[in-house]
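Right, one structure below, let's go through it.
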Amino acid sequence: MANGICDFMMRKNSAVRLIVMASATLGGCTTLPSNGPTAGELIKSVERNDSGLGIRLIDFSHASMQSLTSTPLAASTGFEDLRREGAADSPEIVRPGDTLSISIYEVGVSLFSAQSAAGGDLQVSNPVANAQRMSGVQVDENGDIQLPYIGTISASGLTPRAIEQIVEQKLRGLSQSPRAVISITDSVNGTVYMSGVVRRPGRYRLSVAHEQLRGYLAIAGGVEGDPSDVIVKLTRSGVTREMRLSDVQIGSPNDVRLLPGDQMEFLQRPRTYTVFGASDRISQVPFTSETLSLAEAIARVGGPSDARANSRGVFLFRMVSEGPDKPARPTIYRLNLMKPATYFLAQQVAMQDKDLIYFANSVSGPPTKLIGIINQLFGPFVTARALTQ
């Protein structure tokens, strides 16, 4: 049919004859620039292993659904191993640089009473409990604190309760029924850091409640944007892991208890897929929803072009993991949109980040394209001639 059209146009116009002769020189009317291979060309290239990548070509069917629904190769590497790192750490451990609040209570003979401070009689009995409060006591770089009548106490690595017992023991014989209450009021080491697209980035003090990642994120006001498009980058003891925030569900193993010094960076990294080939919308498309099926992904770009695409040659390109210790393998799934079952299966397959959909060109596309070029060149002359008649 294409050759007959070419012969007809050659008889009608010498200019058209030149165009057809030029196209024949390039291999006939079917040799024109193309935005991608046909389905047959793609399949032959995979079979010959032209790339040397060992690409697999699998027909899209119910049998191939298992590999399509496997664990995605996203940034989600899990926080389970970080759960074991520094598991004995506690926000209530005193460290160099911490600031303590110390209160000492006495009954009867009071070491810190007003009489003692004025040089009065230390044997005066006072049935009322007295309290001496010392705020802003800082742990020095050696981990020590200095207290009146007690001297130096090595506080680093101890809990406030343990330091209380040491203070009370050292005050025995100097004061009657001494009791100490100690708390950490500020700690650089007992904090976590949040940065990135979190609404209130900054340094957050850990508490004895042992809140988990999601709990502290709520304290920080959450993140800006869809959690499915946000990556959590958690660094602990020099080890960094990252995963999507949507995979860190409350109460899940990935919702780890935060430890002193943890650093969390929340990065905006939207999930996208790309579309190439005989489509009217060759583009990079964001998911914009937590889940997106293959059928929805094809529909968003308008599907294959009616004029140029081969509906039997729609291909999904994906890196597929065959196991936790095996490298990902490039895999191509071939869809036949002329089969009704394909549409049902496509609704059950979830798209993964960085998937690629390719609409193969039809073998009749180049002749059609040539005819379109000729019509664009000579259509105005034909119209003008018809109007002058």
Side-chain angles (χ1 to χ4, degrees), residues 34-74 76 228 244 247 271-365:
S34 175
N35 57 5
T38 64
E41 292 170 342
L42 190 150
I43 294 170
K44 290 179 181 178
S45 177
V46 172
E47 292 174 347
R48 292 193 304 265
N49 192 22
D50 293 342
S51 63
L53 299 176
I55 302 174
R56 290 182 303 177
L57 181 63
I58 301 175
D59 284 327
F60 185 70
S61 63
H62 188 272
S64 62
M65 289 281 289
Q66 184 175 0
S67 60
L68 275 166
T69 55
S70 61
T71 303
L73 293 173
S76 300
S228 300
R244 293 206 172 270
D247 294 332
R271 297 168 301 158
T272 60
Y273 67 96
T274 49
V275 178
F276 290 95
S279 171
D280 295 330
R281 289 183 57 190
I282 297 177
S283 58
Q284 183 183 37
V285 186
F287 279 31
T288 66
S289 61
E290 186 172 349
T291 58
L292 180 69
S293 70
L294 176 57
E296 292 170 331
I298 293 175
R300 282 192 181 184
V301 296
S305 171
D306 289 339
R308 297 180 288 116
N310 177 8
S311 297
R312 293 180 174 85
V314 178
F315 299 88
L316 173 66
F317 289 67
R318 174 177 293 181
M319 298 295 293
V320 177
S321 175
E322 297 179 329
D325 299 325
K326 296 181 180 180
R329 184 175 179 182
T331 304
I332 302 175
Y333 297 91
R334 177 173 56 184
L335 288 73
N336 184 352
L337 296 184
M338 301 302 291
K339 293 182 177 180
T342 302
Y343 293 88
F344 288 102
L345 295 176
Q347 290 177 334
Q348 303 175 42
V349 174
M351 292 290 289
Q352 296 181 6
D353 188 27
K354 301 304 178 286
D355 276 352
L356 187 150
I357 298 175
Y358 176 73
F359 299 113
N361 286 281
S362 172
V363 293
S364 62

Reported CZ-to-CZ distance for the pair Phe359 and Arg281, which is rounded to 0.5 angstrom
10.5 Å
Nearest heavy-atom contact between Ala278 and Ala360 is CB-O, 4.0 Å
Quick one: list whatever passes side chain to side chain contact (heavy atoms under 4.5 Å, CB included) with Thr291, sequence neighbours left out.
none
Audit row: Asp59, Asn336, side-chain contact (heavy atoms from CB on, under 4.5 Å) steps and yes/no
CA-CA 9 Å; Asp59 284 327; Asn336 184 352; over 6 Å; no
Is the number of heavy atoms from other residues, nucleotides or ligands within 6.0 Å of CD (Gln348) greater than 12?
yes
side-chain contact (heavy atoms from CB on, under 4.5 Å) evaluation trace for Leu42 with Phe315:
CA-CA 10 Å; Leu42 190 150; Phe315 299 88; 4.0 Å; yes
Would you give the length of the straight line joining atom CD1 of Ile55 to atom CZ of Phe317, rounded to the nearest 0.5 angstrom?
7.0 Å
Taking the side chain as every heavy atom from C-beta outward, state whether Met351 and Leu294 have any atom pair closer than 4.5 Å.
yes
Taking every non-hydrogen atom, the tightest pair across Arg244 and Ser228
NH1-O, 3.0 Å
What is the distance from atom OG of Ser311 to atom CE of Met338, rounded to the nearest 0.5 Å?
6.0 Å
Does the Tyr273 side chain pair with the main chain of Ala297, one donor and one acceptor, at a distance under 3.5 Å?
yes
How about Leu345 and Phe60: do any of their side-chain heavy atoms sit closer than 4.5 Å?
yes
Do Ile357 and Leu316 make a side-chain contact, defined as non-hydrogen atoms from C-beta onward lying under 4.5 Å apart?
yes
Any donor-acceptor pair under 3.5 Å from Asn361 side chain to Thr38 backbone:
no
I need the single residue from Leu337, Asp280, Leu335, Asn310 that forms a side chain to side chain contact (heavy atoms under 4.5 Å, CB included) with Pro304. Which is it?
Leu337
Distance in Å, Leu356 CG paired with Gln284 CD, rounded so as to fall on 0.5 Å steps:
10.5 Å
Testing the basics here: between Arg56 and Thr331, what is the closest heavy-atom pair and its distance to 0.1 Å?
NH2-OG1, 2.9 Å
Ignoring hydrogens and angles, tell me if any N or O in the side chain of Arg318 forms a donor-acceptor pair with the backbone of Tyr333 under 3.5 Å.
no
Worked verdict on Lys354 versus Thr272 for side-chain contact (heavy atoms from CB on, under 4.5 Å)
CA-CA 6 Å; Lys354 301 304 178 286; Thr272 60; 3.7 Å; yes
Measure the OG-CZ distance between Ser283 and Arg300 for me, rounded to the nearest 0.5 Å.
11.0 Å
Apply side-chain contact (heavy atoms from CB on, under 4.5 Å) to Leu292 and Arg271, showing your working.
CA-CA 10 Å; Leu292 180 69; Arg271 297 168 301 158; over 6 Å; no
Any donor-acceptor pair under 3.5 Å linking the side chain of Arg334 with the backbone of Leu57?
no
